[in-house]
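What follows is one structure encoded as structure tokens, with my remarks underneath.
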Amino acid sequence: MALSGEKRPPPPAPATGGTWRKLFLALFVSLSALLYMQIQPPPPKIPGSPGGPPVTATRTRLSDGRYLAYLESGVPKEEANYKIIFVHGFDSCRYDALPISRELAQELGIYLLSFDRPGYGESDPHPARTEKSIALDIAELADNLQLDPKFYLAGFSMGGEIMWSCLKHIPHRLSGVAILGPVGNYWWPGLPANVSRDAWFQQLPQDRWAVWVAHHLQWLTYWWNTQKLFPASSVIAYNPALLSEADKLVIQKFAHRTYMPQIRQQGEHECLHRDMMVGFGSWSWSPLQLEDPFAGGGRRGKVHLWHGAEDLIVPVSLSRYISGELPWVVYHELPTSGHLFPIADGMADAIARSLLLGDDDGGGPQPA
């Protein structure tokens, strides 16, 4: 009970509409800032920079200042009859070159050049990377190493998709191309809806979501593939469900790579996620619109497309359709092979012979 003459404190004033709006705005800004921090990838750890991994590879400097790390094998380029540049696939590096035997390299005089694609291994990242820029990188790499005006190309998986870009943007530099188990873009212009849909549903559900985000919501790609709320890309996670029976026979060659920590050492975003954003992004053209860059050259079969019929990582149906629409592409479908067929015993030599000599037998050694 209040004493006589004592004044009670006034009750608090009720919150006005303006006060509630300010509180809501403050909460919205705070949550937006928290979300922004969650979806932003960390800066890459650039080789040779403070806090970055050391530079141990041989590298060459491109005209824009970036460095590409590379590896040479086979016969010395000065003595070579054939020069091949190999483009590695997803979650790989320069050491994952096509395993051409020493015997075949000596027999035919093959010089093989492989390199870390931007953001992988010891090659600088390229945040502005496009489907065209990697083709121009390859041409500049060849110039820096003083290769001939023309050279052969081979690319596997995501590197196989890059072969189409090279055929589009640097056809004048190419002597021949081997496209091995290439990733396909479900949104390529001119790709029939039924073909795209059939290939789309051959993926695991979580991969359909990961690819959809990489195409439609690229700004969310990092978060999607690093969050723990639900499954992200099964390819990044090495899900064994993606291995065909043939792949299980050769996976030990691929899984026990002592250099694996080097592949993602700059961070996953500038290698794996950037691959997805470019490979499944919006292209203004498609392989279906390409014309034979070797027309009138005197020898048929300078572009070879290889795919395993049992591939559970990259649907074979896209390769079947594209090769059927491009009569100048020599298609080799391996009936019992999966995605990892290039590292199966004898396959690399069969691929090289086909590319260099035109041995178009339609296949190669098959797993038992």
Side-chain angles (χ1 to χ4, degrees), residues 89-91 131 155-165 179-248 251 254 272-289 305-326 329 331-342:
F90 190 76
D91 206 8
E131 56 79 20
F156 171 56
S157 195
M158 192 66 77
E161 185 186 51
I162 290 170
M163 298 299 96
W164 298 120
S165 293
I179 309 170
L180 314 176
V183 167
N185 188 318
Y186 305 96
W187 296 272
W188 271 331
L191 194 64
N194 64 311
V195 174
S196 178
R197 184 170 56 251
D198 175 65
W200 177 260
F201 284 103
Q202 292 179 46
Q203 303 177 97
L204 294 178
Q206 66 245 47
D207 292 327
R208 294 200 293 266
W209 276 107
V211 169
W212 188 92
V213 168
H215 180 81
H216 292 286
L217 301 172
Q218 295 200 341
W219 54 272
L220 201 58
T221 304
Y222 168 76
W223 177 84
W224 187 271
N225 289 286
T226 55
Q227 51 74 36
K228 307 301 180 184
L229 299 176
F230 38 76
S233 168
S234 62
V235 181
I236 293 178
Y238 293 114
N239 188 336
L242 294 174
L243 297 178
S244 69
E245 291 304 313
D247 287 339
K248 292 175 183 177
I251 188 61
F254 196 77
L272 308 184
H273 304 160
R274 187 73 62 187
D275 256 5
M276 297 174 69
M277 292 158 62
V278 174
F280 299 115
S282 296
W283 292 32
S284 62
W285 60 277
S286 86
L288 296 169
Q289 299 165 352
L305 172 55
W306 299 71
H307 214 123
E310 301 299 320
D311 194 333
L312 301 180
I313 297 176
V314 177
V316 67
S317 55
L318 290 183
S319 288
R320 286 174 181 163
Y321 181 80
I322 292 172
S323 63
E325 294 297 304
L326 302 178
V329 171
Y331 183 50
H332 311 256
E333 186 166 308
L334 308 175
T336 63
S337 293
H339 190 62
L340 303 179
F341 70 86

Practice task
May I ask you to decide if W200's main-chain N or O and Q203's side chain share a donor-acceptor pair within less than 3.5 Å?
Solution key: yes
Problem - Verdict with reasoning, T226 to H273, per side-chain contact (heavy atoms from CB on, under 4.5 Å) - result: CA-CA 10 Å; T226 55; H273 304 160; 4.1 Å; yes
Exercise for the section: For side-chain contact (heavy atoms from CB on, under 4.5 Å), just list the numbers for S157 and L180, CA-CA rounded to whole Å, side-chain angles, deciding distance to a tenth of an Å, and then say yes or no. Expected result: CA-CA 6 Å; S157 195; L180 314 176; over 6 Å; no
Taking the side chain as everything from C-beta on, heavy atoms only, tell me whether [X] gets closer than 4.5 Å to [Y].
X	Y	result
V183	F90	no
L242	L204	yes
W224	M276	no
F156	L340	yes
S244	F341	no

Exercise for the section: Can you label the angle between the W306 ring and the H332 ring as parallel, tilted or perpendicular, going by 30° and 60°? Expected result: parallel
How long is the straight-line distance from [atom2] of [Y] back to [atom1] of [X], given to the nearest 0.5 Å?
X	Y	atom1	atom2	answer
L243	I313	CG	CD1	6.0 Å
N185	L191	CG	CG	8.5 Å
Y238	I251	OH	CD1	8.5 Å
W188	S196	CH2	OG	10.5 Å
H307	L318	NE2	CG	8.0 Å
N225	S233	CG	OG	5.5 Å

Exercise for the section: Would you sort out whether D91 and I236 count as a side-chain contact (heavy atoms from CB on, under 4.5 Å), showing the intermediate values? Expected result: CA-CA 8 Å; D91 206 8; I236 293 178; 6.0 Å; no
Exercise for the section: Taking the six-membered ring for Trp and the full ring for Phe, Tyr or His, determine whether the centres of W212 and W187 are under 6.0 Å apart. Expected result: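 No: the rings miss the under 6.0 Å criterion.
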Problem - Working for side-chain contact (heavy atoms from CB on, under 4.5 Å), residues E245 and E310 - result: CA-CA 8 Å; E245 291 304 313; E310 301 299 320; over 6 Å; no
Which pair of heavy atoms, one from [X] and one from [Y], lies closest together, and at what distance?
X	Y	result
G190	L288	O-CD1, 3.5 Å
Q206	S234	NE2-CB, 3.5 Å
G184	F280	O-CE2, 3.3 Å
T221	A214	OG1-CA, 3.7 Å
S282	H215	OG-CE1, 3.5 Å
P189	S286	O-OG, 2.9 Å

Exercise for the section: I would like to know whether E131 and W164 meet side chain to side chain donor-acceptor pair (under 3.5 Å); could you show each step before the answer? Expected result: CA-CA 9 Å; E131 56 79 20; W164 298 120; over 6 Å; no
